[in-house]
Amino acid sequence: MSKGYDHRAIEAKWQQYWEQHATFRVTDDVSKPKFYCLDMFPYPSGAGLHVGHLEGYTATDIVSRYKRMKGFNVLHPMGWDAFGLPAEQYAVKTGVHPAKTTAENITTFKRQMKRVGLSYDWERELSTTDPGYYRWTQWIFLKLFERGLAYVAEVPVNWCPQLGTVLANEEIVDGKSEVGGFDVIRKPMRQWVLKITAYADRLLEDLKLVDWPTSTLEMQKNWIGRSIGAEVDFALVGRAGAIRVFTTRPDTLFGATYMVLAPEHPLVDGITSEAQKAAVQAYREGTARKSDLQRQELEKEKTGVFTGGYAVNPVNQERLPIWIADYVLMSYGTGAIMAVPAHDERDWAFARQYQLPIREVITGGNVQEAAFTDTDRGTVVNSAASDGSFSINGLIPSEAIPKVTEWLAKQGKGTRAVNYKLRDWLFARQRYWGEPFPIVWVDGEARPIPEQQLPLMLPETSNFKPSGTGESPLANLDQWLATVDPGSGKPARRETNTMPQWAGSCWYYLRFIDSKNSAQLVDQAKECYWMPVDLYIGGSEHAVLHLLYSRFWHKVLFDIGVVSTPEPFMKLVHQGIVLGEDNQKMSKSRGNVVNPDEMIDQFGADAVRLYEMFMGPLEAMKPWSTRGVEGVTRFLERVWRLIVDDQGHLSSAVVSAGASLDHQRLLHQTIKKVTEDIEALRFNTAISQMMIFTNEMTKTQQRPRSVIEPFVLLLAPFAPHVAEELWGLLGQPPSVSQQPWPTFDPALTVSERVTIPIQINGKLRAKLDVGLDVSREEVERLARVEAAEWLQGKEPRKVIYVDKKLLNFVV
RNA sequence: GCGAGAGUGGCGGAACUGGCAGACGCGCGAGACUUAGGAUCUCGUGGGCAACCGUGGGGGUUCAAGUCCCCCCUCUCGCACCA
């Protein structure tokens, strides 16, 4: 047997050609419209590229190649998010420097990407670990510091004893470290924090500007978690001061029957009565000992202790007992709540547990059975001051809320308030393999290193073990640590923390625009031309982390005039996860991991690319099928035989004669379908149309060039190597990648005959094959004949005719 | 629990604004060419002997529902005491 074509030879040949001719190098040619097509750059892990990476990369590659053929100037770059924990952990284990591991892994990734035929402009390649790159990461940090957006705070952090480092909330999954699955406890520490909360509103509002998946938009909205309500002061009984609470339901203020402080709340000591002191103390200690995981495990069973103190409800002067309970979090709102058990599920459960009163103030439910929390129905009751000076009775909640808030403001007892779930971003890591902070410490104060002295190089060492005290391995390097304050000349000590991995990935899309600029982060004119990113494809695991942090930095850069767009990424798509053949997540332990190198060896890069796209919708999770790869391989071989004979020459079936109308229609329908499908990223259906075309043309021995050549152009973005080879065999000069994209004639995309289904009462009974110019009367006449058996001579009650689509008799 | 998305042949999946359900591919079956084929080509392939029945289940709107409305079930992802 013979394979249709030798993918090894052809792919190697054309990859070499593209490299030698710099086919995909891009310049800042402002005469052309631009298209910035970006992949989420990978962390170069030791495992190499997997088939999941390839799905996203192939998609952007197809779009890039298509857009080039459409006449766009396409920026399609690739780089490496190369700082990070795995290389460092490997170094701790083996002593191999992370820089070495990283460089080797990058070599593997790059080799694999080239094998796939991805059309990157490799001259713009960058790595976040390159001092010429992280110089600007440090520069951005200085700008954040200057603007008060980077500060040091004593904050309870997630400390992982096994990793010897602090973790961000996002690096913790189910109370364990995302890397390694180790226990995580809370511990107060001095930390660098970025004030992302200052941008909470803009980060929320500007989501309206982008074309992103709804799930990702929702996740970001929830993460930011804006809620509007009121802050209300409850005066303490028997001493000065007040408890300030945040509530989204000021309409239920008359229903408050007790108050709760977070166990860590600073007022707890002051209000606790002598009699309750021991109980309160015990409870607080118990809470402090619990890790986050334990707090989660103990779920739903509400616990708490009465403090012995009381506060006064400002609307009705009622004395409310003050409790502490760990269901109130110090980290949200004011760390204190007014409890309205009738209209809040948690308060209801707590009140039941401790026999506290439940008072209905909104009708509509049975508050003895369950909390009634609806806000879109019900009427306010039992809500008037005893002296009659103020009442919201009879209102609906949406009217009562502003009325109460207004009244509180007038009394000086409260104010409208907005709260966010979003916390400031814990930005420091106690690790070696990251960007050093451009900061020195003098007399306990942080001083920035002048911009001109950047980059602050990561010092060499062979000891990558964390110090274990909470400081990074950099704390062991005495020579590097001791320095002088560039301002005053006083002795100074360097900051020993490094930045988290997110830092480098926050702004890399800007550097691709001008990757070698040593004077600026990015040239302004170039930035204006290329930004924003038009299409960004990557995994949904970054839906809130990378994609929120990037947007934050981008907005800061916007404010200081470095970038010209409010948002970095206009259209975002997440490729779905590729499962193993057994429909399970790919994993080494399951032994179902598909290695792209093996697939390419066996079937070729074009077949693998094509299969990745043919599997199903880009965003969907779907299983790998090596049989499926064989299927698309057969398709490619059919395409090959369409054009090439057994001797490897242009087939005699390819003729110069004009194409029949049917063949022209087939071609134009295919151009239309493939074009529209690429634009909408529906690659699977684009490929199926090319299969239809191929199946049809295989049947004929007269394959006109005027039909075959445009088809090869359509195939080129998907299977570029074989398309280049076929283009050459057709006698055309290279490169197929630089040909204009075929256009279609709308008149030729419709066929001249159409099949009209005939229905009786909506059931298909017959079909009519008619010309396009057929009249309704004619269709109806023919249909009556066709469907006579079903009509039984009776006159239909009604006849529905949809022009050239369908005819339905209602009898 | 809350938020988002999704349930279609043996399998992956098609079906634009309601208008022939199952395109295309895999698998399977039959045939052709063959010493042979796990190559290639052709044909067939939702279920049922049939009338008919079929897009997770149950209602509804409509001449017509995979598509729209209501109720329910299952799965995936995210959040998880956020006041």
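In this text, all values refer to a predicted model and were calculated from it rather than measured experimentally. Every chain is numbered from 1, with letters handed out A, B, ... down the list of sequences.
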d([atom1], [X]; [atom2], [N]) in whole Å:
{"X": "A:His574", "N": "B:G5", "atom1": "NE2", "atom2": "C1'", "result": "12 Å"}
{"X": "A:Met615", "N": "B:G12", "atom1": "CE", "atom2": "P", "result": "13 Å"}
{"X": "A:Arg416", "N": "B:A83", "atom1": "CZ", "atom2": "P", "result": "15 Å"}
{"X": "A:Leu807", "N": "B:C63", "atom1": "CG", "atom2": "P", "result": "16 Å"}
{"X": "A:Leu329", "N": "B:A83", "atom1": "CG", "atom2": "C1'", "result": "9 Å"}
{"X": "A:Arg423", "N": "B:C79", "atom1": "CZ", "atom2": "P", "result": "16 Å"}
{"X": "A:Phe246", "N": "B:A83", "atom1": "CZ", "atom2": "P", "result": "6 Å"}

Completion exercise
Sorted by position of nearest nucleotide on RNA chain B, 5' first, the leading residue of A:Thr334 and A:Asn222 is A:Asn222

Practice task
Just compare B:A4, B:C63, B:C79 and give me whichever is closest to any side-chain atom of A:Val810.
Solution key: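 Of the candidates, B:C63 comes closest.
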
Practice task
List for me each residue that meets side-chain hydrogen bond (donor to acceptor under 3.5 Å, both in side chains) alongside A:Asp769, sequence neighbours excluded, and say none if there are none.
Solution key: A:Arg753

Problem - With sequence neighbours excluded, residues passing side-chain hydrogen bond (donor to acceptor under 3.5 Å, both in side chains) with A:Glu55 - result: A:Lys622

Exercise for the section: Could you tell me whether A:Glu231 and A:Arg416 have a side-chain N and a carboxylate O separated by less than 4.0 Å? Expected result: no

Exercise for the section: Determine which bases of RNA chain B form Watson-Crick or G-U wobble pairs with both distances under 3.5 Å, and write the result as a 5' to 3' dot-bracket string with | for other-strand partners. Expected result: (((((((..(((......[....)))((((((.......))))))((....))..(((((..]....))))))))))))....

Problem - Residues which pass salt bridge (charged side-chain N to carboxylate O under 4.0 Å, His left out) with A:Arg776, listed by chain and number, not counting sequence neighbours - result: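 Only A:Glu780 meet the salt bridge (charged side-chain N to carboxylate O under 4.0 Å, His left out) criterion with A:Arg776.
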
Practice task
Report the C-alpha distance between A:Phe350 and A:Tyr258 in whole Å, list the side-chain angles of each, state the deciding distance to 0.1 Å, and finish with yes or no for ring-ring contact (aromatic ring centres under 6.0 Å, His included).
Solution key: CA-CA 10 Å; A:Phe350 192 82; A:Tyr258 64 101; 5.6 Å; yes

Practice task
Would you please say whether a donor-acceptor pair under 3.5 Å links the side chains of A:Tyr327 and A:Asp347?
Solution key: yes

Exercise for the section: Quick one: label A:Pro213 by what it contacts on the DNA or RNA (base, sugar-phosphate, nothing), any heavy atom closer than 4.0 Å. Expected result: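 No contact.
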
Exercise for the section: May I ask you to say what A:Lys763 touches in the nucleic acid, namely base, sugar-phosphate or nothing, with a heavy-atom cut-off under 4.0 Å? Expected result: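 Sugar-phosphate contact only.
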
Practice task
Kindly state each residue pair satisfying side chain to side chain donor-acceptor pair (under 3.5 Å) with at least one member in residues 689-701 of chain A, sequence neighbours excluded.
Solution key: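 Every pair satisfying side chain to side chain donor-acceptor pair (under 3.5 Å) with a residue in residues 689-701 of chain A: A:Arg638-A:Asn695, A:Thr670-A:Gln689.
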
Exercise for the section: For nucleotides 16-31 of chain B, just jot down a letter per nucleotide in 5' to 3' order: B, S or -, based on protein non-hydrogen atoms under 4.0 Å. Expected result: ---BB--BBSSS----

Handout entry: Integer angstrom distance from the P of B:G22 to that of B:A36
Key = 39 Å

